[in-house]
Protein chains: 2
Amino acid sequence: MGTPQLTKNQSLVMGALAHSDGPLSAYTILDKLRDQGFRAPLQVYRALDKLLEYGLVHRLESLNAFVACTCPHEHEHDHGVTAFTICEGCGQVTEFHDEAIEQRLSALVRAQSFKTEKTTIEIRGHCKSCA
Amino acid sequence: MGTPQLTKNQSLVMGALAHSDGPLSAYTILDKLRDQGFRAPLQVYRALDKLLEYGLVHRLESLNAFVACTCPHEHEHDHGVTAFTICEGCGQVTEFHDEAIEQRLSALVRAQSFKTEKTTIEIRGHCKSCA
DNA sequence: TCGCACACGTTATAGCATAACGCAATTGAT
DNA sequence: ATCAATTGCGTTATGCTATAACGTGTGCGA
């Protein structure tokens, strides 16, 4: 079961995120898509829910915003934990993955007999250019 | 420079969090403190800002809520990265720290020439009892 | 063709957070 | 002692984020 064909609304939201150079809030997406007929937040949130489910989009919890996934070739295999650096200066977000962290977290959590459903790792700071 | 004496409002908010068995939203805290004279969200948010600054409280980004720090003895030395497991069933939050993860993250971030200001690690799932 | 699942549209509402104003108390330098 | 700067506080208003609840239409398998 891969990624199904996107609906019109899902494609529009995906396009807005893919063409943005940084994260977008749901309401910012709404504003960008008003010319395409969007009128209400739910149109955005419903599309985002599906895109998140398909793994095409990530939610940045510390920003209440969304970014397109930057691993376009890996949408099939669940590529485990995703981490982000988020620059407070320019807003740039960089996605990365690391096996070692994933395994270490997995071990710590297992020691609590805790069953992980979703892991959030977000690092706020300043990128090279904005230091 | 340790933790200064808390003001009345800060103490009340700290007390509400310390006596709660789980995370509280700012508005929930407000409601709990109405009998003590709280009337507006800002009274809570301003106290929380200070408590966060002093390291007595943590913000859970994925929940928009706050918890008392469970490392009461370590408020002086910055104890680095804090991570949480958050049970979707019972709401229980467990705070933990791990040197290995901290160092691995530090190395990955340094490779990007990124300067970390704050790191968020939150693991949503189900605890042993709620599995 | 009936029933079901799903996407969609709309209105209304709930929940989270801050802006902007003014006042009072404290501190510390001159 | 006094003035200026800082900090905490209270209040009103506002803005941003997210979901509830209702109804419509469409496609598709039993």
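Within every chain, numbering begins at 1; the chains are lettered A, B, ... in the order of the sequence lines, protein sequences first and strands thereafter.
Put simply, the side chain of B:T116 reaches to within 4.5 Å of the side chain of B:F114, judged on heavy atoms. A:F38 places a side-chain heavy atom less than 4.5 Å from the side chain of A:V44. Proximity of A:Y27 to A:P41: side-chain heavy atoms (C-beta onward) are separated by under 4.5 Å at one or more points.
In this structure, the ring of B:F84 has its center less than 6.0 angstrom from the ring center of B:H58.
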Could you pull out the protein-nucleic contacts involving nucleotides 7-11 of chain C (nitrogen or oxygen on both sides, under 3.5 Å)?
| from | atom 1 | to | atom 2 | distance (Å) |
| --- | --- | --- | --- | --- |
| C:dC8 | OP1 | A:T7 | OG1 | 2.7 |
| C:dC8 | OP1 | A:N9 | N | 3.4 |
| C:dG9 | OP2 | A:N9 | ND2 | 2.8 |
| C:dG9 | OP2 | A:Q43 | NE2 | 2.6 |
| C:dG9 | N7 | A:R46 | NH2 | 2.3 |
| C:dG9 | O6 | A:R46 | NH1 | 3.3 |
| C:dG9 | O6 | A:R46 | NH2 | 3.3 |

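Every residue meeting the side chain to side chain donor-acceptor pair (under 3.5 Å) condition with B:D98, not counting sequence neighbours, appears here in chain and number order: A:R104. In this view, B:D49 satisfies the salt bridge (charged side-chain N to carboxylate O under 4.0 Å, His left out) rule with no residue, not counting sequence neighbours. Evaluation of the side chain to side chain donor-acceptor pair (under 3.5 Å) rule for A:R110 yields A:S106 as partners, not counting sequence neighbours. Qualifying salt bridge (charged side-chain N to carboxylate O under 4.0 Å, His left out) partners for B:K115, counting only residues two or more places apart in sequence or in other chains: none.
Put simply, the residue from A:L17, A:L48, A:T3, A:V13 that forms a side chain to side chain contact (heavy atoms under 4.5 Å, CB included) with A:L56 is A:T3.
Listed by residue number, the members of residues 14-30 of chain A with any heavy atom below 4.0 angstrom from DNA chain C form an empty set. For DNA chain D, no neighbouring residue in residues 116-124 of chain B is found when judged by any heavy atom under 4.0 Å.
To the nearest angstrom, C1' of C:dC16 lies 15 Å from CG of B:L60. Atom CD of A:E53 and atom C1' of C:dC6 are 12 Å apart (whole Å).
In this model, a donor atom of one side chain and an acceptor atom of the other lie less than 3.5 Å apart for A:E95 and A:H97. No side-chain N or O of B:T120 forms a donor-acceptor pair with one of A:E61 less than 3.5 Å apart.
Screening residues 33-45 of chain A for salt bridge (charged side-chain N to carboxylate O under 4.0 Å, His left out) gives A:D31-A:R34 as the qualifying pairs, with residues at least two apart or on separate chains. Counting only residues at least two apart or on different chains, no salt bridge (charged side-chain N to carboxylate O under 4.0 Å, His left out) pair has a member in residues 7-29 of chain A. For the salt bridge (charged side-chain N to carboxylate O under 4.0 Å, His left out) condition, the pairs that include at least one residue of residues 122-131 of chain B, sequence neighbours left out, are B:E88-B:R124.
Counting 5' to 3', DNA chain D first comes under 4.0 angstrom of a heavy atom of chain B and last does so at the ends given by D:dG8 to D:dT12.
At distances below 3.5 Å, not a single donor-acceptor pair connects side-chain atoms of B:S20 with backbone N or O atoms of B:A16.
With axes fitted over five pairs at each extremity, the angle between the ends of the helix from C:dT1-D:dA30 to C:dT30-D:dA1 is 30° (10° resolution).
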